[in-house]
Amino acid sequence: HIAEDSSKLLQHVKFQSSNFENILMWDSEPDSIPGTVYSVDYKTYGEPQWLAKAGCQRITRKSCNLTMETGNLTEFYYARVTAVSSGGLSATKMTERFNSLQHTTIKPPDVTCVPKVRSIQMIVHPTLTPVYDGDGHQLTLEEIFQNLFYRLELHINHTYQMHLGGNQREYEFSGLTPDTEFLGSIVILVPTWSKESAPYVCRVKTLPDRTWT
Amino acid sequence: QGHEFRFGPCQVEGVALPRLWEAFQTMKDTVQAQDNITSVRLLRREVLQNVSGAESCHLTHDLLKFYLNTVFKNYHSKIAELKMLPSLSSLANNFLFIVSKLQPSNHESLSVSDSAHRRFLLFKRAFKQLEIEAALTKAFGEVDILLTWMGKFYR
């Protein structure tokens, strides 16, 4: 009976990582005992000791930011949560082995879409991550993933799209009709790791043509 | 297309690293969950960090041969139980292909091959210090560490 109750205290202990922001998350059953507090430990795979995460000891929320503690891209980590109910029942669960290079998902890029008369320019801004190199330089996604590239689409009408792609910052779709609305969609791809971001979408209208004809 | 591994002087074309990842991903969580020794890592920093290009050909050759002849060979029945043989075959065939293409030359200085071999022995010694079942499970579960390292030589 106790085993059954303690499993209610704590479920689905796992990392959720997006652009190298590594958040430990967990759950408990809806009707679990109120007043439960949670404490988080973490360790580097291959090291003997578990370390208590300051700021996530005896908390009532069900998440803990471990970005700084799990930021080394060549390391692998475990985290574990211990739940203690007001009645003294406790449960401890550990994550699977975690490595941010493998597990992080990629957020949509930050893009500026600039309408002109007969073209639309798209400027992709570098994406900073919370990862730093040995010299304290904050790394961008582009610096972490050597073969990262962008795929850009411009929807002309229901059946026709234009495509551009590459790893440079600036792109231009030209030969467009003035004073017309277009839908742009830009994704980030990292082929080596089979990663693809959700699209950044911009709806933009080309400028009216004011030249005398 | 057009991707290759370049381990120093050794070049291997025709292997897609994402396919290796795909094969391992289907087995990873199941196998790693069976490795309860979280305080031991076989492919530690001393084995894989700061490996020179010249060393990388020797080290990759030694490691992949060990995985083929010891880890995959002896863990095969376990993977069969878990019904993941197709993934193991895909991984093993790719490793076999890579090893067949790696020709660590003997022209390099003795120190390069010695240095690579010392790294490999660190790994092998750690493997032998564990009970065989635990060692096989841990080594198999560390294929992601191996692939992450190999990814540095993938263009």
Side-chain angles (χ1 to χ4, degrees), chain A residues 12-17 20 40-51 69-81 92-106 131 133-134 139 141 143-149 165-167 189-196, chain B residues 1-6 15-51 122-123 126-127 129-130 134-135 137-155:
Chain A
H12 315 131
V13 177
K14 60 177 183 248
F15 279 98
Q16 282 203 352
S17 178
F20 295 97
V40 172
D41 298 316
Y42 64 95
K43 82 182 292 195
T44 301
Y45 172 54
E47 301 292 338
Q49 68 282 12
W50 286 90
L51 304 171
E69 289 78 12
T70 56
N72 185 328
L73 302 183
T74 62
E75 290 295 353
F76 294 70
Y77 299 95
Y78 287 95
R80 73 182 175 192
V81 180
T92 298
K93 286 217 170 100
M94 191 167 79
T95 63
E96 286 163 357
R97 195 179 302 167
F98 172 78
N99 168 261
S100 48
L101 260 181
Q102 276 181 66
H103 294 102
T104 205
T105 58
I106 307 293
V131 180
D133 68 9
L139 298 178
L141 282 181
E143 287 166 326
I144 292 174
F145 295 118
Q146 304 290 310
N147 62 354
L148 177 151
F149 69 97
N167 54 17
L189 291 129
V190 185
T192 312
W193 293 95
S194 306
K195 294 181 193 287
E196 178 170 342
Chain B
Q1 309 84 329
H3 283 108
E4 63 180 13
F5 283 105
R6 220 179 270 163
V15 177
L17 183 57
R19 295 299 81 71
L20 297 177
W21 273 110
E22 262 164 48
F24 182 66
Q25 289 293 355
T26 61
M27 306 181 273
K28 179 171 99 75
D29 291 342
T30 306
V31 173
Q32 287 182 354
Q34 294 174 5
D35 176 5
N36 304 315
I37 311 171
T38 60
S39 54
V40 172
R41 171 173 160 172
L42 303 178
L43 289 168
R44 343 196 274 267
R45 272 176 233 103
E46 298 82 356
V47 179
L48 296 179
Q49 218 160 43
N50 306 323
V51 175
L122 278 177
F123 162 80
F127 179 91
Q129 278 166 3
L130 296 175
T137 300
K138 181 170 283 296
F140 199 99
E142 291 192 3
V143 164
D144 57 355
I145 298 178
L146 183 57
L147 294 180
T148 301
W149 176 72
M150 289 168 69
K152 294 179 183 174
F153 304 91
Y154 188 66
R155 299 284 175 275

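The sequence lines fix the lettering, A, B, ..., with proteins before strands; numbering per chain opens at 1.
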Handout entry: chain B contact via Gln49(A) - which portion, at a heavy-atom distance below 4.5 Å
Key = neither
Handout entry: Name of the residue among Arg97(A), Lys43(A), Glu47(A) meeting side-chain contact (heavy atoms from CB on, under 4.5 Å) with Thr38(B)
Key = Lys43(A)
Problem - Atom pair CZ (Arg41(B)) and OG1 (Thr44(A)), whose distance is rounded to the nearest 0.5 Å - result: 9.0 Å
Handout entry: Atom group of Leu48(B) that falls short of 4.5 Å from chain A, counting heavy atoms
Key = neither
Practice task
Might you point out which heavy atoms bring Phe76(A) and Asp144(B) nearest each other, and give the distance in Å?
Solution key: CE2-OD2, 3.6 Å
Problem - Nearest-0.5 Å distance, CD of residue Gln146(A) to NZ of residue Lys152(B) - result: 11.0 Å
Exercise for the section: Kindly say whether Val40(B) contributes a backbone atom to a donor-acceptor pair with the side chain of Tyr45(A) at under 3.5 angstrom? Expected result: yes
Problem - Distance, nearest 0.5 Å, that separates OG1 of Thr74(A) from CH2 of Trp149(B) - result: 13.5 Å
Practice task
Provide the closest heavy-atom pair for Pro18(B) versus Ser194(A) in the form atom of the first, atom of the second, distance.
Solution key: CB-OG, 3.6 Å
Problem - Atom of Gln102(A), atom of Thr148(B) and distance for their closest heavy-atom approach - result: NE2-OG1, 4.2 Å
